[in-house]
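Inspection log for the structure reproduced underneath, given as C-alpha cells.
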Amino acid sequence: MKAPRMLWAMPYLPWPTTSGGKLRQFHLLRCLADRGYRITLLVQSKTLLDDEARNQLAPLVERLIVLPRRPLKHPRTLTSVLFSRYPLLVCVNGFAPDLEARFEALLDEPWDIVQIEHSYALEPYIAALARRGQAFVLSEHNLESGLSAATYQRLPPLLRPLARIDRERYRRWERNALVNATEVIALTEGDAESFRAISGRRAHLVVNGADTRAALGLQPDHASQRVLFVGNFEYAPNLEAVAFALDEILPRVWQALPQARFAVCGYKLPAEWERRWPDPRIEWRGFVADLRTVQRESSVFLAPLRQGGGSKLKVLEALAAGLPLVSTAQGVSGLGVHDHEHYLAGESANQLAAGTIDLLQSRELAQRIGAAGRRYVREHHSWEHAANQLEQVHQTLKSCA
C-alpha cells in the first residue's frame, strides 16, 4: 500500500511535551510515523526549535518546518483584537503572512491528508483551503467557546464586558471553522455531540491516550503517603485546582494524616506559590520530563479540577501507571470510568479529602482501584488505539476527496 502523504499544521511544537495537547500530538505523530506516513509538519511556534526538539521530531517526519509566532503583545495582535471581528485566540495565532505564504506553496503539492490542529489556528489557512477546494481535517481539542470561562474569571472586573464580546466572537468563529472543515475530530463524545449541534454535521471521536507500554511495571509507593498533581500552569483550570487543593482539601487530609505529602509537578509552576503555601509537606517539583520517576514515588493522584474541558491526559497517565485516583467529575470528563470501581469520586473539599484519606489508609483499596484504572486505560486509551481511530478519519477524508 502506498504510504500516505500528510500535511499536518500545528500552533505549537509537540516537544517538549509540557501540555496535554503537545503530549497528544507527539504520540500520534510517533504512531503514524511508525505506520509509514510521510509527514510534513508545519508549525507556528512561540518557542524556538532547539536541538532537543529537532532530535525528537526530525526522525518522525519528512520535513519539519517551523515558523516563529509573533510575541503576544505585538502591535498586529493588539490591533486585530481591537478592530477585527475575530476572537483573541484567533488574533494571537492568525494574521501571519509568512505562514500563509508557506502553506499556500505547500498546497501546490499533492496530499492525501491535510490536517489542522485547533480552530483557533485555522485563520492563516482557511482562505487557501477554500480557494483550492482542498479537503481537510480539523482536529478540535476542546469546545473552545465554552472553555474560556476560567480564563475570563481572572480578568479585572472592568474587562469582563470585553470577555463576553470575545466569547461571542469565538462562537461565530467556531461555527465557521466546523462548517468549513471536511471532517472534524473531537476528543470526547460530549464534545463530538456539541460540534454536531453547532455545525449540523458529524464529528469523529479520536480519544486521548496514555503510553501504556512505558507504564508497564510501574507500581505506586503506598508507604510514601504522597499525593500527586500534575498540570501545565499556563492553563487557568490547573491554577484553580491547585488553589482548591491547598486551601481546602489538603488541610482536611492533614488533620487525619499529618505525615501525608503533596507533590505538584508541571510546566510554568508559579514562583509565588512557595511563599503563598510554605508548608514543608508540599513538594514543588516543577516540570518533570519523565513522569514515571514521580509516579512510582507517589501513593495517590488527586484531580480536583472544577473547570476545563475534554479528557485529561494527566489523569490517563496516572491511571496507566496504576495510581489510584481521586477526582471530580470534571477530572474524569470524557472517560468511561465509574466511582468506586476505577476511581473515587468527589466534588466538595470534604468528599475529595475523604477519598484521599481512604486510599492513603487502605493499601487493599488503593491496589484494587489502581489496578482497575490501569486495565481501563490499557483497553480503551492506548495511543495505538487513538491512532487507529485517526487512521479511520483519514480514510474517510480520502474517500471524500
Side-chain angles (χ1 to χ4, degrees), residues 2-12 14 21 24-25 28-29 31-33 35 37-45 60-67 86 89-90 93-144 170 172-187 191-192 194-196 198-206 386-401:
K2 181 182 175 184
R5 297 188 74 243
M6 180 179 184
L7 174 57
W8 201 345
M10 300 182 190
Y12 43 70
R24 173 184 173 88
Q25 297 316 116
L28 289 177
L29 183 66
C31 287
L32 294 189
R35 299 175 187 203
Y37 274 60
R38 299 168 57 198
I39 299 168
T40 292
L41 188 61
L42 176 63
V43 178
Q44 182 178 225
S45 175
L60 306 178
V61 299
E62 282 196 335
R63 281 179 293 182
L64 176 58
I65 304 168
V66 182
L67 281 70
Y86 298 114
L89 272 176
V90 174
N93 292 277
F95 306 103
D98 291 345
L99 183 62
E100 290 178 30
R102 194 61 178 268
F103 184 72
E104 183 91 48
L106 286 167
L107 288 184
D108 288 336
E109 303 176 28
W111 299 102
D112 298 301
I113 302 138
V114 175
Q115 182 164 319
I116 314 294
E117 297 298 317
H118 303 283
S119 62
Y120 64 70
L122 185 59
E123 194 278 334
Y125 314 123
I126 194 166
L129 290 164
R131 188 165 53 249
R132 292 169 177 256
Q134 173 67 56
F136 73 99
V137 176
L138 174 64
S139 180
E140 185 71 316
H141 293 212
N142 293 291
L143 181 67
E144 294 289 349
Y170 207 99
R172 292 195 296 270
W173 175 258
E174 191 169 54
R175 183 181 184 281
N176 179 60
L178 295 171
V179 167
N180 279 280
T182 313
E183 303 293 344
V184 174
I185 288 171
L187 277 60
D191 281 353
S194 296
F195 298 158
R196 293 179 198 122
I198 291 168
S199 66
R201 301 177 51 206
R202 67 184 174 189
H204 304 270
L205 181 65
V206 177
N388 290 341
Q389 293 178 318
L390 181 55
E391 282 202 284
Q392 290 173 8
V393 179
H394 292 165
Q395 289 299 325
T396 303
L397 180 75
K398 287 190 283 186
S399 69
C400 295

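Values below: every heavy atom of this structure, side chains too, minus hydrogens, waters and symmetry copies.
- Here the CD atom belonging to Gln115 is positioned 13.0 Å from the CG atom belonging to Leu42, to the nearest 0.5 angstrom.
- Between Val114 and Leu397, every side-chain heavy-atom pair lies at or beyond the 4.5 Å cut-off.
- Within the model, atoms CG of Leu29 and CG of Leu60 stand 5.0 Å from one another, a figure rounded to the nearest 0.5 Å.
- Rounding to the nearest 0.5 angstrom, the gap separating the CG atom in Asp191 from the NE2 atom in His141 is 11.0 Å.
- Side chains of Gln25 and Glu117 form a contact here, defined as non-hydrogen atoms less than 4.5 Å apart.
- With Arg201 contributing its side chain and Leu178 its backbone, the two residues share a donor-acceptor pair below 3.5 Å.
- Across all their heavy atoms, Ala203 and Arg196 have their closest contact at O-NH2, 3.3 Å.
- For Trp111 (side chain) and Phe136 (main-chain N/O), no donor-acceptor pair under 3.5 Å exists by modelled atom type.
- Side-chain contact between Arg63 and Leu106 is present, with at least one heavy-atom pair separated by less than 4.5 Å.
- With respect to Ser139, the side-chain contact (heavy atoms from CB on, under 4.5 Å) criterion is satisfied by exactly one of Val206, Leu390, Ile185: Ile185.
- One distance of note links OG of Ser119 with CG of Leu143; it measures 9.0 Å at 0.5 Å rounding.
- Tyr170 places a side-chain N or O within donor-acceptor distance of the main-chain N or O of Tyr120, the cut-off being under 3.5 Å.
- A distance of 4.5 Å separates CG of Asn180 from CD1 of Ile126, quoted to the nearest 0.5 Å.
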Apply the test side chain to side chain contact (heavy atoms under 4.5 Å, CB included) to residues Leu187 and Arg24: give CA-CA distance (whole Å), side-chain angles for both, the deciding distance (0.1 Å), then the verdict.
-> CA-CA 10 Å; Leu187 277 60; Arg24 173 184 173 88; 3.5 Å; yes

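- Partners of Glu183 under the salt bridge (Lys or Arg N to Asp or Glu O under 4.0 Å) rule, at least two apart in sequence or in another chain, are Arg202.
- Side chain of Arg102 to main chain of Val66: no donor-acceptor pair is present (N/O by atom type, distance under 3.5 Å, no hydrogens or angles).
- Looking at Leu107 and Tyr125, their side chains never come closer than 4.5 Å, going by heavy atoms from C-beta outward.
- Listed by chain and number, the residues in a salt bridge (Lys or Arg N to Asp or Glu O under 4.0 Å) with Arg5 are Glu109 (sequence neighbours excluded).
- When atom types are taken as modelled, the side chain of Trp173 and the backbone of Glu123 share no donor-acceptor pair closer than 3.5 angstrom.
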Could you walk me through whether Leu32 and Trp8 pass the side chain to side chain contact (heavy atoms under 4.5 Å, CB included) check?
-> CA-CA 12 Å; Leu32 294 189; Trp8 201 345; 3.9 Å; yes

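- Between Tyr12 and His118, the two ring planes are perpendicular [angle over 60°; tilted spans 30° to 60°].
- Glu391 pairs by the salt bridge (Lys or Arg N to Asp or Glu O under 4.0 Å) definition with Arg35, not counting sequence neighbours.
- We find the CD-CD1 distance between Glu174 and Ile198 to be 4.5 Å, quoted to the nearest 0.5 Å.
- The aromatic ring centroids of Tyr86 and Phe95 lie less than 6.0 Å from each other.
- In this structure, the side chain of Gln44 engages the main chain of Asn93 through a donor-acceptor pair within 3.5 Å.
- Counting only heavy atoms from C-beta outward, the side chains of Leu129 and Leu122 approach each other to under 4.5 Å.
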